[in-house]
Amino acid sequence: MKKGMFITLEGVEGVGKTTNLDFIADYLTTAGKEVITTREPGGTNIAERIREILLQHDQESLGDESEVLLMFAARAQHLEQVIRPALESGKWVLCDRFTDATYAYQGGGRRVKEADIRWMEHFVQKGLSPDKTVLLDLSVELGLQRAANRSQPDRFESEQHAFFEQVREVYLNRAKAEPNRFCVIDASQCIESVQKNIRQHLDEILKNA
Ligand code: TMP
């Protein structure tokens, strides 16, 4: 029995998810909500170990099917150990990426069939999905430029430009298909404007919670 609100944050590399996740958590906490922040893939000991397999480079290449199955294995663990219990106890869960990322990266980037992802989504989530999703949108060019200033690229960050164009396209299509769930934020603006936009959406969410 879900009581809390489930909010996810999405976007391609370099859109500023980390900074804005902290901002959202602080804003909701100040508004009196009990908030937990978490991330995918990851969020539990076992799911974080799966994350390492997914993100690290290895001499053995990871197949697309293994990749999508591991994403959902991590998610099943995360849902059971962290997300469902928190929501059931009335907490608000703020998650850095969730299943929209699987549609975008594995579906768009790797070309895993959407119907296969949908089946896994039903199997693992059993009807639980985010109440709201903040999509930080930015051109791939700018995002990759921003992300390039970070440390060694992981397995996903090492992908080509075209891969991220597919990822972005799927995110935007999903946002268009579910306008009530998605808040699309233009992440090319300065941080003050981005956060002003986010704040407006959060006020709306708080008003209707
Ligand atoms: P992060 O860099 O935002 O922590 O995310 C880790 C990477 O995992 C990122 O490149 C996107 C990727 N990812 C997927 O490919 N599919 C998924 O379902 C999730 C949650 C993340």
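Hydrogens, waters and symmetry mates play no part in the numbers below; they use all other heavy atoms, side chains included. Ligands are counted one by one from 1 in listed order, and the atoms in each one are counted from 1 as well.
Counting heavy atoms from C-beta outward, Cys95 and Ile7 have side chains that stay 4.5 Å or more apart.
A donor-acceptor pair shorter than 3.5 Å cannot be found between the side chains of Gln106 and Asp64.
Note on ring orientation: taking the six-membered ring where Trp is involved, the planes of Tyr105 and Tyr171 are perpendicular (angle over 60°, cut-offs 30° and 60°).
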task: Go through the steps for Leu136 and Ile198 under the test side chain to side chain contact (heavy atoms under 4.5 Å, CB included), then give the verdict.
output: CA-CA 10 Å; Leu136 295 168; Ile198 293 178; 4.3 Å; yes

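The shortest N/O to N/O separation between Arg97 and ligand 1 falls below 3.5 Å. At a 3.5 angstrom cut-off on N or O pairs, Glu157 does not count as close to ligand 1. An N or O contact shorter than 3.5 Å is missing between Arg39 and ligand 1 by distance. Taking any N or O of Gln106, backbone or side chain, at least one lies under 3.5 Å from an N or O belonging to ligand 1.
Linking ILVMFWY side-chain heavy atoms closer than 4.5 Å, directly or via other members, places Leu54 and Val167 in a single hydrophobic cluster. Using a 4.5 Å cut-off between side-chain heavy atoms of Ile, Leu, Val, Met, Phe, Trp and Tyr, with links allowed through other members, Ile36 and Ile205 fall into different hydrophobic clusters.
Neither the backbone nor the side chain of Ala104 comes within contact range of ligand 1; no heavy atom lies under 4.0 Å. Residue-level proximity to ligand 1 for Met71 is carried by the side chain, the only part with a heavy atom below 4.0 angstrom. With a heavy-atom cut-off of 4.0 Å, Glu67 does not touch ligand 1 at all.
Between Glu13 and ligand 1 there is a heavy-atom distance shorter than 4.0 Å. Close to ligand 1: Arg75, with a non-hydrogen atom less than 4.0 angstrom away.
Minimum interatomic distance between Pro130 and Thr8 (heavy atoms only, all atoms of both residues): CG-CG2, 3.6 Å. Contact detail for Phe123 and Lys126: the closest heavy-atom pair is O-NZ, 3.0 Å.
Near Pro41, meaning under 4.0 Å from any of its heavy atoms, are these atoms of ligand 1: 8 (O), 19 (C), 20 (C), 21 (C). For ligand 1, the atoms lying closer than 4.0 Å to a non-hydrogen atom of Thr102 are 17 (C), 18 (O). Residue Glu40 has at least one heavy-atom neighbour below 4.0 Å for each of these atoms of ligand 1: 20 (C). Of all atoms in ligand 1, listed by their number and element, those nearer than 4.0 Å to a heavy atom of Lys17 are 3 (O).
For Arg75 and Phe98, the positive end sits near the middle of the six-membered ring, less than 6.0 Å away and at most 45° from its axis.
With hydrogens left out, the protein atom closest to atom 7 (C) of ligand 1 is Phe156 CD1, 3.9 Å, a heavy atom. The protein non-hydrogen atom at the shortest distance from atom 4 (O) of ligand 1 is Arg51 NH2, 2.8 Å. Ranking the protein heavy atoms by distance from atom 19 (C) of ligand 1 puts Ala101 CB, 3.6 Å first.
Proximity of a side-chain donor or acceptor of Asp137 to a complementary backbone N or O of Ile185 within less than 3.5 Å is not detected.
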